[in-house]
Amino acid sequence: MPAYNHAAMTEATRLTRQGRLTEAVALIQQTLAGTPASTDCGVPATDHGAPAGQSYPDDIAGVTSAPPGHRGLLARLKTALSTALPDASPELTGLLSPDLPNRLPWPVGPQRTAAEQPPGQFLDRWHTNDAGTRAYNLYVPTGYTGLHVPLVVMLHGGTQDAADFADGTGMNILAERETILIAYPQQDRAANPMGYWNWFQPTDQSPDGGEPSLIAGITREIIARYAVDTDRVYIVGFSAGAAMAAIMATTHPDLYAAAGIHSGLAYGAAHDLPSAFAAMQAGGGHPAPNGSIPLIIFHGDDDAIVHPINADYLVRQATNHRPTSAEATWQHTPGRHPSTRAIHRTSDGDTLAEQWIIHGAGHAWSGGTVHGSYTDPNGPDATTEMLRFFTEHPRRGLD
């Protein structure tokens, strides 16, 4: 059995033992679909349904029947599961059939309505280098007149695309108000069938190749074509996109002034799919080898996909073993999830990391709109807070 199939079977068995059947089903469905990378950060699964306002894509597994070449794997999975768990739920074993359902058995959130689009331009662009080609969208606000403005690069999560991410975060609306350029690189489905950035692959964790070179290339292309304040260039990501944003923050501290990481993992947390599974539940990562840039970090403490311990590893990445003090405050706006905001500063008063833990929130963009996937409108407004943080953090010298 290929390594990723073995890892998937091990993880599915663990989830089933914990009674997390829908997550086990999702993992098995994706394995049968032959898309090993699709089981990384961003797979929406919960035994409790979607949080208020959160919606899931209709076809997470992306498959309605097992391909012929996977029917042997199917039989092995059923045999292994029945051996490991002789009393496994019929709900789980019954779904291991050659004809899989095209929807997972958890509630789908409210039907999304079309978002009202701000009046700026949302341009289609492409960038090519030795690592390949990636499409991207660029939002140009009506207030852009050729004077230097900030640039924010947004990396979507799995199964999302640029338009969905823009609608769900509401970032273009704020960009129109504040006159900011917003870029949305889009993962190629040929590189990952479910649209995940390949954050766990070693070739996609280096500055000079793979997906980081494409994202950096898009950033530099926009800087060359537009009047961009190079001291105010930022990178943001959600889920798998957040893990890739953490990689970009570490590998390109000369390009980005600060980063926003939502429901993600630290640089170096994984080197293949099995280690990605482990990191998603237990955390991991390496110190930033080239210095560090300030991070603002959001994570729900009820996230069943990426454990919130990963937010602590991101703080370690940002502080990079430097002595800091943390100032934590409890915040609660009526009608929204409460949160704990911790600011990690050096003795000189420099903020290295601002960490928001959203209590009761799952794997969703905090304070997002009802118009995008993986959003929780009941959380603190991550979009507004990230732009506020960026305003406070133009480029500074690296330690």
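For the single chain, residues carry numbers from 1 onward in sequence order. The model shown is predicted, which means the values in this text are computed figures rather than measured ones. The figures here come from the full heavy-atom set of this structure, side chains too, leaving out hydrogens, waters and symmetry mates.
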Could you check, using the six-membered ring where one of them is a Trp, whether Trp356 and His337 have ring centers closer than 6.0 angstrom? no
Electrostatic pair Glu354-Arg388, nearest N-O below 4.0 angstrom: yes
Is there a donor-acceptor pair closer than 3.5 Å between any side-chain N or O of Arg322 and the backbone N or O of Ala318? yes
Is the distance between the ring centroids of Phe390 and Tyr234 less than 6.0 Å? yes
Spell out, as yes or no, whether a donor-acceptor pair under 3.5 Å connects the side chain of Arg316 to the backbone of Gly284. no
Looking at Trp197, Tyr196, Phe238, which hits ring pair (Phe, Tyr, Trp, His ring centres under 6.0 Å) with His156? Trp197
Residues forming a side chain to side chain donor-acceptor pair (under 3.5 Å) with Asp229, sequence neighbours excluded: none
State which residue, out of Gln317, Gln355, His307, His299, fulfils the side-chain contact (heavy atoms from CB on, under 4.5 Å) condition with Asp312. Gln355
Going by atom type alone, with no hydrogens or angles, which donor-acceptor pairs under 3.5 Å involve a side-chain atom of residues 133-143 and a protein atom two or more places apart or on another chain?
from, atom 1, to, atom 2, distance (Å)
Thr133, OG1, Thr128, OG1, 2.7
Arg134, NE, Gln187, OE1, 2.9
Arg134, NH2, Gln187, OE1, 3.4
Tyr136, OH, Glu221, OE2, 2.6
Asn137, ND2, Leu123, O, 3.2
Asn137, ND2, Asp124, OD1, 2.6
Tyr139, OH, Gly120, N, 2.9
Tyr139, OH, Glu176, OE1, 2.6
Thr142, OG1, Glu176, OE2, 2.2

Between Tyr374 and Trp365, does the ring centroid distance fall short of 6.0 Å? no
Between Ser239 (side chain) and Gly241 (backbone), is there a donor-acceptor pair under 3.5 Å? no
Please check if the side chain of Thr346 supplies one atom and the backbone of Asp348 the other of a donor-acceptor pair under 3.5 Å. yes
Between atom OG1 of Thr375 and atom CZ of Phe165, what is the distance when rounded to the nearest 0.5 Å? 11.0 Å
Quick one: does Arg232's side chain have a donor or acceptor within less than 3.5 Å of a partner on Thr391's backbone? yes
Strictly distance-based, threshold 3.5 Å: is any side-chain N or O of Asp301 a donor or acceptor partner for the main-chain N or O of Pro308? no
Ring pair (Phe, Tyr, Trp, His ring centres under 6.0 Å) for Tyr184 and Phe122? Distances and angles first, verdict last. CA-CA 10 Å; Tyr184 298 87; Phe122 201 46; 5.7 Å; yes
Which distance, rounded to the nearest 0.5 Å, do you find between the CD1 of Ile223 and the CG of Leu151? 6.0 Å
